[in-house]
Amino acid sequence: DGVESWVELGNNVMVNDQAPSAPSDFFGESISITSTESTYRVAIGIPFKNTGNTRRSGMTVVYELDLITQDWVLMDAPVTPAVLVENDQAGFSVDLVEGNLLAVGVPGHNNETGAVYIYRYDDASAVWEQHPGTGEGQAVGDDCGLAVGITAKPLSTDIALTVGDW
């Protein structure tokens with residue numbers, strides 16, 4: 001026939017006890033999926049999620065597909081920058097590359113100057129580790145992190161930020 005069709009990959013990713021969310025949290029505002037020969041992972045931004053007592057600080061969750069059960073399983077705890085304040089909106093944009101390199105946009109950071117945080121998943125310890133460097137906007141209203149993109153190369157990570165007049 002030559003007719004191709006889309007096939008659902010795994011069961012639906014559901015808001016559950018591992019990553020509870022309310023409709024106002026904007027679960028899925030941004031998503032990024034990546035695969036290797038044997039692994040499928042998806043990063044999901046929840047930018048208006050309250051974390052602790054911090055309103056609309058946001059978070060990102062990353063799931064891996066269990067190829068046997070076809071369930072998406074939460075990898076580690078939700079990913080959040082070390083310091084979050086009200087209206088940071090972490091997870092407004094996300095990009096996941098090769099299943100272990102994650103960029104998280106935080107456009108509300110520092111009065112909407114914005115920031116981008118980079119994480120690498122350590123398979124041995126099964127945790128997301130935040131890179132010590134952060135891309136930040138230069139002025140209020142730059143909204144750095146509204147959109148993120150990351151690419152991995154064998155010996156380096158290139159990060160391109162587009163904000164304000166950069």
Which residue is it: T34, V62, V97? I am looking for the one with a side-chain contact (heavy atoms from CB on, under 4.5 Å) to L102.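 Among T34, V62, V97, the one that satisfies the side-chain contact (heavy atoms from CB on, under 4.5 Å) with L102 is V62.
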Indicate the atoms forming the closest heavy-atom contact of [X] with [Y], along with that distance.
{"X": "G145", "Y": "P107", "answer": "O-CD, 3.9 Å"}
{"X": "V104", "Y": "G91", "answer": "CG1-N, 3.4 Å"}
{"X": "V94", "Y": "S32", "answer": "O-CB, 3.9 Å"}
{"X": "C144", "Y": "G137", "answer": "CB-N, 3.5 Å"}
{"X": "L65", "Y": "G10", "answer": "CD1-CA, 3.7 Å"}
{"X": "T54", "Y": "E86", "answer": "CG2-N, 3.3 Å"}

Flag side-chain contact, heavy atom, 4.5 Å: [X] against [Y]:
{"X": "Y117", "Y": "Q130", "value": "yes"}
{"X": "F92", "Y": "E29", "value": "yes"}
{"X": "Y40", "Y": "Y63", "value": "no"}
{"X": "I46", "Y": "V61", "value": "yes"}
{"X": "N12", "Y": "E8", "value": "yes"}

Please assess V127 against Y119 for the test side chain to side chain contact (heavy atoms under 4.5 Å, CB included), listing each intermediate value before the final yes or no. CA-CA 10 Å; V127 297; Y119 300 85; over 6 Å; no
Just by distance, do the side chain of [X] and the backbone of [Y] share a donor-acceptor pair under 3.5 Å?
{"X": "D142", "Y": "Q138", "result": "yes"}
{"X": "N50", "Y": "R56", "result": "yes"}
{"X": "D71", "Y": "V73", "result": "no"}
{"X": "T36", "Y": "T39", "result": "yes"}
{"X": "T113", "Y": "N110", "result": "yes"}

L101 vs I118, side chain to side chain contact (heavy atoms under 4.5 Å, CB included): CA-CA, chis, key distance, verdict: CA-CA 7 Å; L101 190 60; I118 307 298; 4.0 Å; yes
Atom [atom1] in [X], atom [atom2] in [Y]: separation rounded to 0.5 Å?
{"X": "W128", "Y": "N100", "atom1": "CH2", "atom2": "CG", "value": "6.5 Å"}
{"X": "T60", "Y": "D95", "atom1": "OG1", "atom2": "CG", "value": "11.5 Å"}
{"X": "I33", "Y": "R41", "atom1": "CD1", "atom2": "CZ", "value": "12.0 Å"}
{"X": "R120", "Y": "E98", "atom1": "CZ", "atom2": "CD", "value": "8.0 Å"}
{"X": "L67", "Y": "L9", "atom1": "CG", "atom2": "CG", "value": "8.5 Å"}
{"X": "L96", "Y": "I44", "atom1": "CG", "atom2": "CD1", "value": "10.5 Å"}

Checking side chain to side chain donor-acceptor pair (under 3.5 Å) for the pair T51/S57: CA distance, chi angles, key distance, verdict? CA-CA 6 Å; T51 55; S57 52; 2.4 Å; yes
Heavy-atom count around N111 CG within 6.0 Å, excluding the residue itself: above 12?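 Atom CG in N111 is not crowded, with 12 or fewer foreign heavy atoms closer than 6.0 Å.
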Can V13 and F27 be said to form a side chain to side chain contact (heavy atoms under 4.5 Å, CB included), step by step? CA-CA 11 Å; V13 176; F27 181 92; 4.3 Å; yes
Grouping I, L, V, M, F, W and Y whenever their side-chain heavy atoms are under 4.5 Å apart, do M59 and W72 come out in a common cluster?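 Yes: a chain of side-chain contacts under 4.5 Å links M59 to W72.
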